[in-house]
Amino acid sequence: QVQLVESGGGLVQPGGSLRLSCAASGSIFSIYVMYWYRQVPGKQRELVATITSDGSPDYADSVKGRFTISRDNAKNTLYLQMNSLKPEDTAVYYCKAGWGTWGQGTQVTVSS
């Protein structure tokens with residue numbers, strides 16, 4: 001079974017940047033749409049960004065212009081570059097594959 005492993009979360013000050021990575025263990029990565037979600041305790045998981053197999057991105061209004069989703073199909077890896085971070089971006093971030101598998105999540109905390 002193909003698994004997703006996220007990395008890159010952490011603590012950052014408001015206005016700072018982080019890059020999340022999501023590595024897939026299988027070779028089917030390149031043909032599927034991929035997603036980044038985030039979740040705050042007590043709230044529903046929110047779709048942050050989507051990228052098609054050929055690299056076309058889409059973003060939630062709350063992150064448009066600050067976050068960039070990308071993928072490297074040769075490395076079976078999905079990325080989320082997060083710039084100009086705000087305290088309200090604090091959440092656990094999850095990647096999700098088009099075939100339904102979720103990553104384990106990585107915590108992002110934006111605080112001074």
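This is a predicted model, so every value here is computed, not measured.
Closest heavy-atom contact between V12 and G16: CG2-CA, 3.8 Å. Considering all non-hydrogen atoms of both residues, S70 and L78 come closest at O-CD1, 3.4 Å.
More than 12 heavy atoms of other residues, nucleotides or ligands sit less than 6.0 Å from atom CD of Q107. Surrounding NZ of K43 are at most 12 heavy atoms belonging to other residues, nucleotides or ligands under 6.0 Å away. More than 12 non-hydrogen atoms from other residues, nucleotides or ligands lie less than 6.0 angstrom from CD of E88.
Side-chain atoms of R66 and M82, non-hydrogen and from C-beta on, never get closer than 4.5 Å to each other. Annotation: side chain of T106 is in contact with side chain of L20 (closest heavy-atom distance under 4.5 Å). Under the 4.5 Å side-chain criterion, counting only non-hydrogen atoms from C-beta, Q104 is in contact with E6. Side-chain contact check for S53 versus V33: every heavy-atom pair is 4.5 Å or farther apart. Looking only at side-chain heavy atoms (C-beta outward), Y59 and T68 come within less than 4.5 Å of each other.
At distances below 3.5 Å, not a single donor-acceptor pair connects side-chain atoms of Q13 with backbone N or O atoms of S111. At distances below 3.5 Å, at least one donor-acceptor pair connects side-chain atoms of D72 with backbone N or O atoms of K75.
In the hydrophobic clustering of this structure, V108 groups with F67; members are Ile, Leu, Val, Met, Phe, Trp, Tyr whose side-chain heavy atoms approach within less than 4.5 Å, directly or through other members. Hydrophobic clustering, with ILVMFWY side chains joined whenever heavy atoms are under 4.5 angstrom apart, groups L85 together with V48. The cluster map of Ile, Leu, Val, Met, Phe, Trp and Tyr, joined by side-chain heavy atoms under 4.5 Å apart, puts Y94 and W99 in different clusters. Under the 4.5 Å side-chain heavy-atom criterion for Ile, Leu, Val, Met, Phe, Trp and Tyr, F29 and V2 are members of the same hydrophobic cluster. M34 is not connected to V92 by any chain of hydrophobic side-chain contacts under 4.5 Å among Ile, Leu, Val, Met, Phe, Trp and Tyr, and they are in different clusters.
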I would like to know whether S62 and E46 meet side-chain contact (heavy atoms from CB on, under 4.5 Å); could you show each step before the answer?
CA-CA 11 Å; S62 57; E46 173 192 18; 3.5 Å; yes

Working note: S56 + D54, criterion side-chain contact (heavy atoms from CB on, under 4.5 Å); need CA distance, chi angles, decisive distance, verdict.
CA-CA 6 Å; S56 296; D54 62 357; 3.5 Å; yes

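Annotation: W102 is in aromatic contact with Y37 [ring centroid separation under 6.0 Å].
The one candidate from I51, I69, L18 that meets the side-chain contact (heavy atoms from CB on, under 4.5 Å) condition with L80 is I69.
For the atom pair CH2 of W36 and OH of Y93, the computed distance is 10.0 Å after rounding to the nearest 0.5 Å. Taken from OG in S21 to CD in Q81, the straight-line distance is 9.5 Å, to the nearest 0.5 Å. Between T77 atom OG1 and L4 atom CG the span is 10.0 Å, to the nearest 0.5 Å.
We find that K86 and D89 are not joined by a salt bridge, their nearest charged nitrogen and carboxylate oxygen being 4.0 Å or further apart.
In summary, the side chains of S17 and N83 do present a donor paired with an acceptor at a separation below 3.5 Å, with no hydrogens or angles considered.
For the pair R19 and Y79, the cation-pi criterion (under 6.0 Å, within 45° of the ring axis) is fulfilled.
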